[in-house]
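Notes to accompany the following structure.
As a basis for the values below, the full set of heavy atoms in this structure was taken, side chains included, without hydrogen atoms, waters or symmetry mates. Bear in mind that the values here come from a model prediction, so they are computed numbers and not experimental data. Per chain, numbering begins at 1; letters A, B, ... match sequence-line order.
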Amino acid sequence: MQTLNPTGQPLSVLILFAHPYPHRSRVNRALLEGVHDLPGVTINDLYERYPNFHIDIQREQELLSRADLLVMQYPIYWYNNPALLQQWKEKVLTLGFAYGSGGHVLRGKRLLCAISTGQAAQSYRPEGANRYAIEQTLRPMEQMARHCGMDYLKPFVLHGAPRLSEGEIQAGAGAYRLHLQRLLEEMAHG
Amino acid sequence: MAETSLLGNTVIYLTAAVIAVPLAKRLGLGSVLGYLIAGAIIGPWVLGLIHNVEDILHFAEFGVVLLLFLIGLELNPRRLWSMRRPILGLGGLQVVASSALLMIPGLLLGLELRVALVIAMGLSLSSTAIALQTLQERNLLPTRAGRSAFSVLLFQDIAVIPMLALIPLLGSGVQAESGGLMGLLKVAGAIAGVVVLGHYLTRPIFRFIAKTGLQEIFTAFTLLLVTGIALLMAQVQLSMALGSFLAGVLLAESEYRHVLEAEIKPFKGLLLGLFFISVGMSINFGLLLAQPLLILGLVLLLIGIKLLVLWIIAGRTDPPLEKDQRALFAFLLCQGGEFAFVLFGVARTEGLLSTALVDPLILGVSLSMAITPLLLLLLERFIQPQHIHLGEPRPADQVEEFNPVIIAGFGRFGRIVGRLLYSSHIPTTVLDHDPDHIEAVRKFGYKVYYGDATRLDILRAAGAEQARLLIIALDDPEASVHLVQLAREHFPQLKILARARDLSHAYQLEKQGADLFQREMLESALRLGEQGLRYLGLGAYHAHEAVNRFRDYDRSLYDLLREEGALELGISIQHQGRDELEQVLNADRAEFPHQRDPGWE
C-alpha cells in the first residue's frame, strides 16, 4: 500500500542515481533494483539521461518540486560525488529556486545520501587511510541541504563495495529497501 | 606513314599547347588565347607544320560536345526548367535582333535577300566553346551575366536546327528531301532515345561496371555514352552538343555524377584545347594580307553589331543586369561561333554561298573568336574596374558595418552553422550561388552575396577585410582548398574554419592554412554510431565516452597519416576514396585499446 503524507497525498521519493558505468557495477545496481518498485519512487538516472552533461534544468526542477524525499545515490570517488551530480547541483539548484529570495522549493524536503565506498569502514577514521569519518566527507552535501532549507538525514553507506560477496550485496540491498521504507513510514506519521 | 604522321601531329599539338598555354596564362591572357596563338603559329600560314585543318576541326568539335555534357551535369532538370524564360526570351531576342541587323550591310552591298539572311543567321551565333570555357576558367558561370550568357548559348544551340533545315529550302532549286514528317519523327525518336538511355539505362549499367571494379571500363563507358549520343544526334541532324547537354542534364541527379565529371574533365580540356588550336590554325593570314580592309571591316561590323544588340538586351533581363555585368555579357557573346563554319559549309554545298564569299566570312568569324579573349582582357583591365566602383548601386553597403562572420556556401552544412550563429545573435554574411538558398535567408536579416566565394572581389565586397571568421562550407572540395589559399593570402586576420570531405581533403585545407577543419560526415556518423551502441546495451554515458575515445583515436590517426606523408602521396581530392579507405582500415585493424575503469562499483 502507498504511504501518504499528512495532507493525504502519496509520498513521493526521487532517487538521483549518478553512476557513469552502471553495467559494470554490482553494488549500486543491486541497491537500485532493491528499491525501484517501492510505491512513490521515481528513479532519475543522470548519466543515462545526460551523457553529454547537458542537463534539462526545467525537467529536473519540476521533479524536485514533486518530491518529498530526495535520495542521491552514487559511489563515492575521490571523496566526492561523480562529476555529473556536481554539474546537476550547479545547474539545477539555482538562486530563486533552491535558495535566496523566493528560493524555497526544497524547504522542508528531506535529503538522503545513499553511497557506496571503495574501502572498508575502518579506513574512515582519524587513524585510517582516509582520515575522516564518512559523515565528514559528506559535509558539503549536508551544508548544501541546510542552505536549501532541507532536512539532511543520516547517510546510508555501504563500505568496501568492490570486495563484497554476492550475499553481502543482497543483504545490503535489503537493508537499503528497509531503510527507505522506514523513512517513508516516519514521514507519513509526521 | 599515316601512323607516324598522326603521332607526329600529336607531338606538334602537345608541344605547342605545353609552351603556349602556360605562357599565355602567365601573361594573364587566359588559356583560350594561348591555344589560339599556338594554333596560329603551327598552322599553315606561319610555320606550316599542320595542314589538314578542317579534319582536325571536325574531330576537335568533340571538345565542345564534352563541355556541354559537363555543363548539363551541373544542371538538373528542375534548374534547367527554372531557366526557361531567359533561354527563350534573351536567346530568342539575341538571335532575331542580331540576324536582322546583320542582314542590313549584306543587303546594302547588293547581296540577294536569301544570301544575306543565311550569312546573318550564321554570324548571329556566338562561340559556345570560347564563351563557356572563359566563364568556367574565371569562375563566372554563377554570376548573372554568366547565367544569362549561358541561356543565350543554349538557345543558339537549339536555333541551329531550324537554321540548318532552312538552308536547303533557300537553296537554288536543290530540293530538300529530308522529308518533313519523317525527319520530325527521327528527331523525336532520337531525343526519346537519349531520355531513355540517360534516365533508365545508364544507372544499372554504371552499377554493373562499378561492381567489376575496372576503372578504365568506367572511363570507356562514359566516353562511349557521350560519343554514342553525339553520333545519334548527328544522324538526325541535331546539334551533337545539344544532345550531349541533354544527356548531361538527365544524369545530373544520378549518383555517378561526380565520377562522370572526373572521368570526362581531362578529355574535355584536351579536346577543347585542340579545338581552339584548330581555330587558330584556320586563320587564313594569306587572305587577311590580301584584303585587310575587307576582313577588318567585316570583323568590326560583326563585333560592333553584336555588342550593340547584346548590350541592349542585357538591359531587358528581369531585373536588368548591372552595368559591369552587362558589359561582361556583351563581350562574352560578341564573336562569331563554330556553328557559322557548319552553316556556311552547308550553304556552300547547297549552292547558296560561293567560296569567294565563304572564305572571308570564315576568316572573319575565326578572327572574332580570337579577339574575344583580348576584348575580355581589355574589359577586365580598363573598363570593368571603374564599373565596379561606379556601378555599385548600394552605397549603403559601404557605410554599414561588416559582419564578423562570413559563411561561404549555404547548403546543407553551411545552413546549420548559420542557424547556430543566428541563434546566438551573431550577424552573418552569406556567400552562395544558389538563388533558392539566398531568397530564403535574406528575409532573416542575413547579408547575402550571390556569387562565387572563391573570387577575391566578391570576398572583398562581403567584408573579408574586416571579418573575424570565414566559415567555408562549400560542396566542392577543390573550390574550398582554393578559397582557403586565397583567404590566407589576402586576409591574414581571418580565422578560417572549413568543412572537409574526408581525411585527404582535410589535409589539403590544413596545408593551405585553414585554422580548423571539421569533416562533414564525422560528427553525425559518430552520433548515429553512439545511438547504435546504446541499442546494443551500452549505457548512454558509456556510449558517449566510447565515441569520444574514437574521435581522439581518429584524430591521432590523422596525425600519423600526415606525418607519414600518406595523405599527400598522390591522393588527389577527386580520385581518393579507395586508397584512403584502405589505409584507414589498416590502421583500425591494429587493436583498438580497451580502457579499464577500476573503482566504479
Side-chain angles (χ1 to χ4, degrees), chain A residues 17-32 43-56 73-88 114-120 123 130 157-166 168-169 172-173 176, chain B residues 412-413 415-426 497 499 516-558 591-601:
Chain A
F17 179 63
H19 193 304
Y21 312 107
H23 299 274
R24 288 192 205 151
S25 150
R26 301 167 307 144
V27 172
N28 271 286
R29 219 170 44 201
L31 289 181
L32 202 61
I43 291 172
N44 188 13
D45 185 340
L46 292 182
Y47 275 94
E48 187 62 23
R49 187 166 278 270
Y50 307 119
N52 33 24
F53 282 50
H54 181 57
I55 292 169
D56 181 346
Q73 184 193 326
Y74 57 91
I76 285 255
Y77 206 113
W78 284 122
Y79 316 106
N80 219 326
N81 48 254
L84 181 53
L85 185 54
Q86 188 61 32
Q87 171 87 344
W88 181 94
I115 60 179
S116 63
T117 72
Q119 285 172 305
S123 71
N130 295 316
V157 186
L158 214 52
H159 281 294
R163 281 171 300 281
L164 292 182
S165 73
E166 211 43 54
E168 286 168 322
I169 289 172
Y176 185 38
Chain B
R412 292 174 302 166
F413 192 95
R415 252 180 282 179
I416 298 172
V417 183
R419 281 170 50 212
L420 173 68
L421 294 170
Y422 188 75
S423 73
S424 295
H425 304 288
I426 292 168
L497 285 63
R499 157 196 186 181
L516 198 82
F517 61 81
Q518 173 69 53
R519 273 147 61 198
E520 54 188 12
M521 295 297 171
L522 184 67
E523 282 306 318
S524 48
L526 290 180
R527 278 287 142 81
L528 193 79
E530 181 179 331
Q531 297 302 317
L533 289 174
R534 292 196 57 186
Y535 281 126
L536 290 174
L538 248 62
Y541 178 72
H542 199 160
H544 187 69
E545 212 176 42
V547 167
N548 285 341
R549 276 217 304 280
F550 181 86
R551 189 187 290 109
D552 291 347
Y553 156 77
D554 187 72
R555 176 73 217 190
S556 69
L557 177 68
Y558 174 77
E591 204 181 327
F592 199 77
H594 237 292
Q595 192 158 320
R596 284 190 62 244
D597 304 89
W600 286 106
E601 235 328 324

- Message: Is it the case that atom CZ in Arg555(B) sees more than 12 heavy atoms from other parts of the structure closer than 6.0 Å?
- Response: yes
- Message: Checking Glu545(B) against Tyr21(A) for the side chain to side chain contact (heavy atoms under 4.5 Å, CB included) test, could you report, in this order, the C-alpha distance in whole Å, the side-chain angles of both residues, the deciding distance, and whether it holds?
- Response: CA-CA 10 Å; Glu545(B) 212 176 42; Tyr21(A) 312 107; 2.5 Å; yes
- Taking side chain as C-beta onward, heavy atoms only, is His23(A) less than 4.5 Å from His542(B)? no
- Close side-chain approach of Trp600(B) to His19(A), heavy-atom, < 4.5 Å: yes
- Query: Does the side chain of Glu601(B) reach to within under 4.5 Å of the side chain of Pro162(A), using non-hydrogen atoms?
  - Reply: yes
- Message: Are the side chains of Tyr50(A) and Tyr541(B) in contact, using a 4.5 Å heavy-atom criterion?
- Response: no
